Amino acid sequence: MPNLALLGGKPVRSEMFAHDNSIGEEEKQAVIRVLESGNLSQYVGSWNKDFFGGPFVRQFEKDWAESSGAEFSIAVNSNTSGLYACIGACDIGPGDEVIVSPYTMTAGAIAPLIYGAVPVFADIEEDTFCLDPKSIEANITPRTKAILVVHICGHPTEMDEVMSIAKKHNLKVIEDCAQSPMSTYKGRKVGTIGDAGIFSLNYHKHIHTGEGGMITTNDPVIAEKVQLIRNHGEAVVEGKKTKDIYNTFGFNYRMTEMEAAVGIEQLKKMPELIEKRISNANYLSKILGELPGIIPPVVKEGCKHVYYQQTFKFKKDIVGVARNTFVDAVKAELPLMKLRESTPIMGVGFAPPLYLQPIYQQRLHKCSFNCPRYDGQVSYEKGLCPVTERMYYEEVFTHEYMRPCFSKRDLETVINAYEKVYQNLDELKEYEAKNTVTV
Ligand SMILES: *Cc1c(COP(=O)(O)O)cnc(C)c1O
């Protein structure tokens with residue numbers, strides 16, 4: 001009879017983990033107040049005081065500005081919309097290049113394409129998985145207009161170096177903070193260091209409103225442009241007497257009053273939710289980091305990691321089995337989380353290198369890389385970003401067992417699962433030898 005659950009043995013735990021739910025009575029009452037007001041959204045797409053949205057949206061923006069330390073906060077209906085709006089607000093267009101990360105959620109590379117510009121992929125650092133300033137610099141050309149950094153998994157990018165490169169080459173810096181609210185770099189909050197920052201409020205982020213996003217900036221020009229892009233700017237600029245109208249034609253990126261009402265309550269809970277994540281992650285890193293061949297997340301000096309997920313590196317040569325086999329074995333010991341049955345909270349690789357997607361491989365866009373105004377030679381070849389590829393195909397695995405809902409007992413179960421797999425590595429090696437697993 002095998003011991004490991006992957007091979008038919010009894011799992012460490014079968015009772016499901018609790019649903020990680022931070023939505024409570026406060027959010028419920030807030031939404032009821034909106035419903036009772038009868039105005040579920042108060043935006044008007046023309047120059048009018050309601051161009052800026054209703055009272056809940058405006059309050060949420062005010063609260064976010066206070067907590068983020070940014071001068072302006074602009075609510076949108078997703079981080080994706082926020083990324084697009086910020087690219088537009090930085091006056092990016094056909095013929096321009098934007099340096100992006102290949103190791104992130106897909107929208108971070110598509111954003112330049114929306115405005116006809118070309119995403120250029122730089123490689124990542126192998127300890128934090130954020131863009132490597134050396135690779136950013138190596139990818140700068142006369143066409144580069146901006147750097148879109150992503151504070152990935154909850155750890156900030158090396159912003160001092162990024163900002164000095166940007167200054168030297170006169171580039172804008174946009175920070176994708178979707179995975180890193182309240183993360184700090186040398187005492188400064190992410191989203192306030194570059195020209196603009198964007199946060200996500202979708203349901204698997206630190207706090208959520210269903211869907212939603214928030215842009216932060218200290219630059220009044222960018223603030224005005226993203227407001228115009230958010231809400232049909234072309235119909236507004238005349239009445240508003242805006243002079244600099246480049247890229248200010250609009251979309252509908254407006255957040256509803258209900259989402260804003262939820263966001264106001266969620267924002268109050270955010271510090272506590274994040275501290276719980278950090279303390280769970282620290283505990284798991286300490287114990288799991290003692291297992292040979294498992295390298296827990298690095299936290300660089302002067303940085304605050306807020307653990308969107310806990311990202312480990314796996315050394316196959318030390319453990320003696322492939323990463324994917326190991327992760328399958330740990331996962332099999334543990335139950336799923338209630339209401340998250342379709343998205344396991346442990347996985348391998350994180351994000352496939354974005355440049356390998358068909359849209360880049362086949363250059364399927366009539367402007368951007370095929371634009372007559374583009375005279376560069378961007379590459380999307382396999383092998384382009386070797387660190388990213390090694391992390392994705394060989395070394396990285398992630399889990400979310402540090403989520404705020406995990407109790408001390410839950411964490412002990414998780415540790416037991418990892419330890420059980422280590423105690424039964426021989427069984428796993430034998431299984432692997434019989435099954436052709438390559439990674
Ligand atoms: C979640 C996420 C996004 C997209 O956020 P939405 O609000 O779903 O549009 C973008 N970038 C990163 C790094 C993310 O994690």
Side-chain angles (χ1 to χ4, degrees), residues 20 60 64 73-88 98-114 119 121-122 124-125 128-131 146-157 159 162 173-183 190-191 194 196-216 226 229-230 251-256 259-260 262-263 266-267 270 274 277 297 305-311 340 343 345 347 349-355 357 388 391-392 396 398-400 403:
D20 192 16
F60 186 28
W64 194 286
S73 286
I74 300 100
V76 283
N77 58 6
S78 70
N79 170 293
T80 300
S81 312
L83 286 167
Y84 299 174
C86 286
I87 290 284
V98 177
I99 294 182
V100 299
S101 172
Y103 203 54
T104 182
M105 189 267 178
T106 181
I110 292 295
L113 285 180
I114 301 291
F121 293 92
I124 58 170
E125 291 191 322
T128 64
F129 320 111
C130 295
L131 277 179
I147 306 167
L148 203 173
V149 300
V150 190
H151 308 301
I152 204 74
C153 304
H155 193 287
T157 309
M159 289 308 284
V162 170
V173 175
I174 300 169
E175 301 174 66
D176 182 345
C177 307
Q179 302 190 356
S180 54
M182 295 187 74
S183 161
V190 300
I198 308 111
F199 297 81
S200 172
L201 297 161
N202 84 20
Y203 93 108
H204 48 85
K205 297 293 159 45
H206 295 69
I207 59 168
H208 63 125
T209 60
E211 302 287 349
M214 191 65 85
I215 297 168
T216 51
V226 296
I229 292 167
R230 165 176 76 176
F251 294 82
N252 174 350
Y253 290 161
R254 308 179 310 206
M255 176 183 274
T256 72
E259 288 157 332
V262 171
Q266 283 275 292
L267 185 60
M270 186 157 75
I274 288 180
R277 267 178 197 261
H305 197 321
V306 296
Y307 298 102
Y308 170 65
Q309 56 187 21
Q310 208 169 353
T311 309
R340 282 266 318 247
T343 47
I345 51 179
F350 183 48
L354 292 179
Y355 49 84
Q357 290 177 345
T388 302
M391 293 306 129
Y392 177 71
V396 160
T398 63
H399 77 203
E400 293 178 50
R403 276 180 164 269

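Keep in mind it's a predicted model, so treat the numbers as computed, not measured. As a basis for the values below, the full set of heavy atoms in this structure was taken, side chains included, without hydrogen atoms, waters or symmetry mates. Counting starts at 1 for both ligands and their atoms, following the listed order.
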| Near Gly212, which atoms of ligand 1 are under 4.0 Å from a heavy atom of that residue? | 7 (O)
| Ile152 side, atom CD1; Phe129 side, atom CZ - distance, nearest 0.5 Å | 10.5 Å
| remark: atom 15 (O) of ligand 1: of Met105, Gln179, His208, the nearest heavy atom sits on Gln179
| message | Using a 4.0 Å heavy-atom cut-off, which part of Thr104 comes near ligand 1: side chain, backbone, both, or neither? | response | side chain
| request: Name the option, out of Ser200, Gly82, Ala109, that contains the heavy atom nearest to atom 7 (O) of ligand 1. | output: Ser200
| field | Set of residues satisfying ring pair (Phe, Tyr, Trp, His ring centres under 6.0 Å) with respect to His206, sequence neighbours excluded | value | none
| query | Should you measure from each heavy atom of Asn202, which atoms of ligand 1 turn up under 4.0 Å away? | reply | 1 (C), 6 (P), 8 (O)
| Using a distance-only test with no angle check, is there a side-chain donor-acceptor pair under 3.5 angstrom linking Asn79 and Asn202? | no
| task | Would you check the N or O atoms of Tyr308, main chain and side chain alike, for any that come under 3.5 Å of an N or O of ligand 1? | result | no
| remark: The protein heavy atom nearest to atom 9 (O) of ligand 1 is Thr80 OG1, 2.5 Å
| Backbone or side-chain N or O of His204 under 3.5 Å from ligand 1 N or O | no
| Looking only at non-hydrogen atoms, which of Thr209, Asn79, Val76 approaches atom 10 (C) of ligand 1 most closely? | Asn79
| query | Can you list the residues that meet the salt bridge (charged side-chain N to carboxylate O under 4.0 Å, His left out) rule with Glu125, with sequence neighbours excluded? | reply | Lys300
| remark: In this structure, SG of Cys177 is separated from CE of Met214 (nearest 0.5 Å) by 12.5 Å
| task | Measure up the Tyr253 and Phe251 rings against each other and bin them: parallel (under 30°), tilted (30 to 60°), perpendicular (over 60°). | result | parallel
| request: Can you measure from CG (Asp176) to OG1 (Thr104) and round to the nearest 0.5 angstrom? | output: 5.5 Å
| message | I'd like to check which ligand 1 atoms, numbered from 1 as shown, lie under 4.0 Å from a non-hydrogen atom of Val150. | response | 13 (C)
| said: Just to be sure I'm reading this right: ignoring hydrogens, which of Lys205, His151, Gln309 gets closest to atom 14 (C) of ligand 1? Compare them by their nearest heavy atoms. | reply: Lys205
| said: Does the residue Ser81 have a heavy-atom contact with ligand 1, meaning some pair of atoms that are separated by less than 4.0 Å? | reply: no
| query | Are Tyr103 and Phe350 close enough that their ring centers fall under 6.0 Å? | reply | yes
| If we only count N/O pairs under 3.5 Å, is Glu211 in contact with ligand 1? | no
| request: Would you mind telling me if ligand 1 is within reach of the side chain of Asp176, the backbone, both or neither, using heavy atoms under 4.0 Å? | output: side chain
| query | Quick one: does ligand 1 sit under 4.0 Å from the side chain of Ala107, the backbone, both or neither, non-hydrogen atoms only? | reply | neither
| message | Can you name the atoms of ligand 1, numbered from 1 with element, that are less than 4.0 Å from a heavy atom of Ser78? | response | 7 (O), 9 (O)
| field | Stepwise side chain to side chain contact (heavy atoms under 4.5 Å, CB included) test for His204 and Arg403 | value | CA-CA 10 Å; His204 48 85; Arg403 276 180 164 269; 4.0 Å; yes
| note | Closest heavy-atom pair, His151 versus Gln179, reported as atoms and distance to 0.1 Å, is O-CB, 3.9 Å
